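For reference, the structure discussed in these notes is given below.
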Amino acid sequence: MARELLGWRVVSRIQGIRTSGRIVETEAYIGAHDPACHGAAGRTRRNRTMFGPPGLAYVYFIYGMHWCFNVVTGREGDPEAVLIRALEPLEGLDAMEHRRGRRRDLTNGPARLCQALGIDGTLDGHPLDRAPLVLEPPDSPPAPAPVGVSGRIGIRKARDWPLRFFLTTSSHLSSGPHLEAAPESVMRP
DNA sequence: CGGTGGATTCTCT
DNA sequence: GAGAATCCACCGA
């Protein structure tokens, strides 16, 4: 599902402002046997949405100041989700710039894209087939694009599991030292 | 450009 | 009380 979601669009309508972006980078968190998955240690108040039915938004707060947005993908009871790590901005660029307080680096990072689209904890558990936060499929047929795979970013446990997926030609991927940290783990299907 | 450390709050042990 | 699926300002080259 993490690979499949590349090319889909995330559309938000927050405070009457429409913003959207195309998914270019994702990470998979694959359930109770995945040590890096929030659901690995069982159901808690924080991660309960992960255990719900697929199609919900799992939004969690991290590092004292950031929100991150996941798409719940597992069956009810299975804590599986896809973290949306980067978008290509499409609509509402001015609103994104205003929310982010800068004109670059609007959506290249999981917390950055949440800030740009106005996503916060009030949307945790929201079904993604309706406003104010909607997941839309790509235009059919989707243009073929090379997909890169690497280890996941910013975690300690199971860091080398090849569960990060990205459109290699995108100029909107998450930046920083992480991207170059493990070039040998990047492969082309 | 790369490296470093601070911000800041919530959750669970 | 530790640590977290992060970001940003700042530093030096």
Side-chain angles (χ1 to χ4, degrees), chain A residues 1-6 8 10 19 21 23-52 54 56-74 78-87 89 96-126 128 133 135 148-166 171-186:
Chain A
M1 278 306 296
R3 181 190 292 265
E4 196 73 17
L5 282 170
L6 295 174
W8 286 58
V10 179
T19 53
I23 299 173
V24 296
E25 180 179 337
T26 60
E27 271 177 10
Y29 289 84
I30 57 177
H33 62 289
D34 176 358
C37 180
H38 286 172
R43 190 188 304 240
T44 67
R45 187 163 73 253
R46 182 201 201 199
N47 66 20
R48 62 191 155 88
T49 299
M50 272 193 129
F51 290 81
L56 301 182
Y58 169 45
V59 183
Y60 66 88
F61 188 67
I62 193 69
Y63 294 127
M65 58 183 76
H66 300 302
W67 296 100
C68 290
F69 165 54
N70 297 247
V71 177
V72 176
T73 54
D78 293 336
E80 303 174 11
V82 174
L83 172 68
I84 307 303
R85 284 200 54 88
L87 303 174
M96 294 187 192
E97 292 173 3
H98 187 256
R99 287 172 179 154
R100 291 274 300 125
R102 63 195 63 237
R103 303 195 60 180
R104 337 177 351 161
D105 296 331
L106 297 178
T107 56
N108 55 335
R112 289 170 176 170
L113 69 89
C114 281
Q115 187 180 21
L117 270 65
I119 297 171
D120 65 19
T122 63
L123 288 168
D124 183 39
H126 171 76
L128 289 166
L133 186 62
L135 193 57
V149 184
S150 80
R152 294 176 292 188
I153 293 177
I155 58 172
R156 306 177 72 89
K157 304 168 188 167
R159 163 177 294 179
D160 52 340
W161 292 18
L163 294 176
R164 172 174 171 255
F165 301 88
F166 51 96
S171 59
H172 302 278
L173 301 177
S174 63
S175 54
H178 311 296
L179 195 56
E180 312 298 334
E184 291 169 322
S185 68
V186 176

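Any value given below was found using the heavy atoms of this structure, including those in side chains, with hydrogens, waters and symmetry copies removed. Please read all numbers here as calculations on a predicted model, not as lab measurements.
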*Determine, stepwise, if the pair A/Phe166 / A/Ser150 fulfils side-chain contact (heavy atoms from CB on, under 4.5 Å).*
CA-CA 9 Å; A/Phe166 51 96; A/Ser150 80; 4.1 Å; yes
*Between which nucleotides of DNA chain C, read 5' to 3', does contact with chain A run, using atoms under 4.0 Å from its heavy atoms?*
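First-to-last contact on DNA chain C, by the 4.0 Å heavy-atom rule, is C/dA4 to C/dA9.
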*Would you indicate whether the side-chain heavy atoms of A/Arg46 and A/Tyr60 approach each other to under 4.5 Å?*
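When only atoms from C-beta onward are counted, A/Arg46 and A/Tyr60 do touch, with a gap below 4.5 Å.
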*asked:* Using a 3.5 Å distance criterion without hydrogens, assess whether the side chain of A/Arg99 forms a donor-acceptor pair with backbone atoms of A/Ala116.
replied: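 Checking the backbone N and O of A/Ala116 against the side chain of A/Arg99, a donor-acceptor pair under 3.5 Å is found.
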*asked:* Test of understanding: with ring-ring contact (aromatic ring centres under 6.0 Å, His included), list the residues that count as partners of A/Phe61, not counting sequence neighbours.
replied: A/Trp67
_Partners passing ring-ring contact (aromatic ring centres under 6.0 Å, His included) against A/Trp161 (at least two apart in sequence or in another chain)_ = none
*For nucleotides 7-13 of chain B, just jot down a letter per nucleotide in 5' to 3' order: B, S or -, based on protein non-hydrogen atoms under 4.0 Å.*
BBBSSS-
*Roughly how far, to the nearest 0.5 Å, is the NZ atom of A/Lys157 from the CZ atom of A/Arg152?*
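So the gap between those two atoms works out to 11.0 Å.
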*Look up atom CG in A/Leu83 and atom CD in A/Glu25, then write down how far apart they are to the nearest 0.5 Å.*
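CD of A/Glu25 is found 8.5 Å from CG of A/Leu83.
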*Helical stems, DNA chain C - three or more consecutive Watson-Crick or G-U wobble pairs below 3.5 Å*: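 As far as DNA chain C goes, consecutive pairing (with distances under 3.5 Å) yields the stems B:1-7 with C:6-12, B:9-12 with C:1-4.
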*Would A/Leu128 and A/Leu133 satisfy side-chain contact (heavy atoms from CB on, under 4.5 Å), going step by step from the backbone distance to the final call?*
CA-CA 6 Å; A/Leu128 289 166; A/Leu133 186 62; 3.8 Å; yes
*Candidates A/Thr73, A/Val82, A/Leu123, A/Thr49 - the one meeting side-chain contact (heavy atoms from CB on, under 4.5 Å) with A/Tyr58*: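 The single option meeting the side-chain contact (heavy atoms from CB on, under 4.5 Å) with A/Tyr58 is A/Thr49.
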*Determine, step by step, whether A/Arg100 and A/Gln115 satisfy the side chain to side chain donor-acceptor pair (under 3.5 Å) criterion, reporting the C-alpha distance in whole Å, the side-chain angles of both residues, the deciding distance to 0.1 Å, and the verdict.*
CA-CA 6 Å; A/Arg100 291 274 300 125; A/Gln115 187 180 21; 2.7 Å; yes
*A/Arg85/A/Glu27 ion pair, N-O < 4.0 Å*: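 Judged by the 4.0 Å cut-off on N to carboxylate O distance, A/Arg85 and A/Glu27 do form a salt bridge.
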*Which ones in residues 97-113 of chain A lie close to DNA chain B, meaning a heavy atom under 4.0 Å from one of its atoms?*
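None - not one residue of the stretch has a heavy atom sitting under 4.0 Å from the strand.
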_I'd like to know whether A/Leu87 forms a side-chain contact (heavy atoms from CB on, under 4.5 Å) with A/His172, so could you lay out the CA-CA distance, the side-chain angles of the two residues, the decisive distance to 0.1 Å, and finally the verdict._
CA-CA 6 Å; A/Leu87 303 174; A/His172 302 278; over 6 Å; no
